[in-house]
Amino acid sequence: MVQSLRDVGKMTVDDMMCMHCGACVGTCPENAIFLNEVFITINEDCNQCGLCMRVCPVGAMDYPVGHKLSQLG
Amino acid sequence: MHYDVVIVGAGPAGSITAKYAAQGGASVIMLEKRQEIGSPVRCGEGIAREWIDEVGIKLDRKWIAHEVEGAKVVSPNGNSFCINERIAGDEVGTVIERDLFDRALVEDAVRAGADVMVKTAVTGLIKDGGVKGVVADSPRGRLEISAGAVVGADGFESQVGCWGGIDTRLKPRDVTTCLQYRMTNIRPDPDYCEFILGSGAPGGYVWVFPKSEESANVGMGMQLWKLKKKGELRYWLDKYIEKDERLKGGKIIEIVSGAVSTCAPIDKTVSDGLLLVGDAARMVDPITGGGIANACKAGRIAGEVLAEAAQAMDFSEEMLTKYEKGWRKRLEEALFRNWMAKEKLVTLSDETFDKIIEVLARENLDHLSVLNILKVIQRELPELVEEFMDLI
Ligand SMILES: Cc1cc2nc3c(=O)[nH]c(=O)nc-3n(C[C@H](O)[C@H](O)[C@H](O)COP(=O)(O)OP(=O)(O)OC[C@H]3O[C@@H](n4cnc5c(N)ncnc54)[C@H](O)[C@@H]3O)c2cc1C
Ligand code: SF4
Ligand code: SF4
């Protein structure tokens with residue numbers, strides 16, 4: 001498993017891939033993501049809609065390993 | 001700590017707002033979560049020369065990377081037409097160094113009297129009836145700053161609106177996600193900013209904005225609702241680059257990612273003690289995805305109204321509505337029209353794009369606008385008129 005993968009509650013972010021661009025933050029329908037310049041956190045409002053994963057330009061966001069919708073290899 | 005105006009975000013919208021508010025006598029502070037203003041860059045870096053006077057920016061060689069003659073629009077089959085930069089819209093004419101540009105605007109604001117703090121992330125609002133200030137994390141710990149008005153100039157990732165009760169959330173149709181490489185060792189057309197339609201960028205386009213004879217920003221924007229797989233955008237951009245001969249052997253020296261809104265104007269941008277400006281207020285042009293110009297134009301209006309509010313010591317919604325009326329008068333019609341046009345454009349097939357570009361290439365348009373293009377379509381491509389009926 002990738003070392004830089006980090007569980008952020010209901011989703012997973014790869015800290016090495018993340019560009020800290022905020023595309024996911026502005027897209028989240030629950031306004032659940034916070035980006036403190038270089039560190040993503042997701043709060044309990046997340047409904048696992050997956051939009052953050054689809055919008056992420058570099059593929060840094062995903063469902064947690066083992067989740068049926070996870071695209072983590 | 002207390003200020004008349006606390007601005008969240010020191011991008012173009014925040015800086016221009018700060019400058020005009022401070023110039024008008026308000027006490028102003030900008031809070032920026034990044035440790036370095038303007039960096040990392042999240043932009044294609046194209047701007048026009050014609051609007052910068054309106055917002056009091058002086059052209060400065062420091063932040064100009066390259067100048068072009070105009071825009072070149074390329075259709076899926078490779079046909080193209082060129083538009084002189086004077087009429088090519090708010091994004092074409094000058095390719096800038098965006099980090100230096102943002103820094104220059106902050107310096108202007110500071111010169112006008114504004115304060116600024118970097119590496120200071122606003123994490124919430126202080127509310128008591130209306131909005132009364134912000135809470136922020138800074139290297140010196142947690143800060144509470146009270147304010148007459150808080151300005152959300154926090155860009156696409158804006159949360160200030162939602163925190164303050166103004167819904168700025170977007171539909172997946174109205175989000176365009178972008179990936180860009182700054183490439184060197186390539187041969188871009190140094191005279192034009194290129195917009196390449198089709199080319200495997202469904203519901204978006206590829207842009208090649210030259211930064212010199214041998215380097216350019218090569219990017220792709222795609223509509224979120226068309227993307228299913230993780231990291232799909234990178235796949236499409238890499239694929240495009242592979243087949244563009246001019247980019248073969250190019251080296252990537254910077255990766256830029258981000259997103260823009262491509263929505264219709266939102267219903268509300270002010271409430272008691274709160275005002276939104278720039279990308280935070282979803283003011284990006286839905287066709288081009290460019291937003292620096294509108295962020296600055298609205299920023300000037302916001303700053304002027306905030307200065308007036310500070311003088312009257314009245315930051316009520318009623319007072320701030322002057323700003324809302326002001327920006328709508330200046331920007332709303334074009335934003336709405338371009339949003340309608342975007343909704344149409346994303347449904348067109350490559351073949352239809354080819355046809356339209358072919359006739360536009362023959363025309364000598366002296367003024368490029370959605371309206372003018374529609375007129376040409378009406379005259380030259382009557383078979384398409386039905387498709388565009390709701391726009392005409
Ligand atoms: C890939 C890409 C290419 C683009 N190309 C072009 C182009 O060629 N031409 C053009 O005109 N436009 C372009 N745009 C759009 C343009 O970048 C934006 O419209 C413009 O930056 C808007 O300015 P702004 O001041 O509203 O927001 P921003 O420039 O995004 O500034 C917002 C600032 O707020 C800060 N911030 C956010 N949240 C907080 C917080 N909680 N606390 C403190 N600070 C915070 C951010 O760090 C940021 O510095 C592009 C966008 C993208 C993503
Ligand atoms: S969209 Fe992707 S790269 Fe951008 S901040 Fe979110 S996870 Fe990171
Ligand atoms: S899965 Fe949906 S709700 Fe959860 S953080 Fe991502 S975008 Fe927000």
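Note on naming: letters A, B, ... go to the chains in the order of the sequence lines (proteins, then strands), and numbering restarts at 1 for each one. Since this is a predicted model, take the numbers as computed values, not measurements. Every heavy atom of this structure was used, including side-chain atoms; hydrogens, water molecules and symmetry mates were not.
Of the atoms belonging to A:Ile33, it is backbone heavy atoms, and not side-chain ones, that fall under 4.5 Å from chain B. Of the atoms belonging to B:Lys229, heavy atoms from both backbone and side chain fall under 4.5 Å from chain A. Proximity to chain A (any heavy atom under 4.5 Å) is shown, for B:Ile255, by both the backbone and the side chain. Of the two parts of B:Thr123, the backbone and the side chain both hold a non-hydrogen atom closer than 4.5 Å to a non-hydrogen atom of chain A. Residue contact with chain A, scored on non-hydrogen atoms closer than 4.5 Å, involves the backbone and the side chain of B:Gln35 alike.
Judged by a 6.0 Å distance limit and a 45° cone about the ring axis, A:Arg6 is positioned over the six-membered ring of A:Phe39.
Not one N or O on the side chain of B:Thr17 forms a donor-acceptor pair closer than 3.5 Å with the backbone of B:Ser15. Between the B:Glu45 side chain and the B:Arg98 main chain, a donor and an acceptor come within less than 3.5 Å of each other.
Once rounded to the nearest 0.5 Å, the distance linking CH2 of B:Trp225 with NZ of B:Lys171 reads 13.0 Å.
We find that B:Asp137 and B:Arg142 are not joined by a salt bridge, their nearest charged nitrogen and carboxylate oxygen being 4.0 Å or further apart. Here B:Glu343 pairs with B:Arg173 in a salt bridge; the nearest charged N to carboxylate O distance falls below 4.0 Å.
Ranked by non-hydrogen atom pairs under 4.5 Å with chain A, the options B:Ala280, B:Pro172, B:Ser257 are led by B:Ser257. The candidate from A:Gly50, A:Pro57, A:Cys56 with the greatest count of non-hydrogen atom pairs under 4.5 Å with chain B is A:Pro57. The candidate with the highest count of non-hydrogen atom pairs below 4.5 Å against chain A, out of B:Leu170, B:Val260, B:Leu227, B:Leu224, is B:Leu224. Of all the listed residues (B:Gln159, B:Arg169, B:Arg234, B:Glu232), the one sharing the greatest number of non-hydrogen pairs under 4.5 Å with chain A is B:Gln159.
Between B:Tyr235 and B:Tyr240, the distance from one ring center to the other does not fall under 6.0 angstrom.
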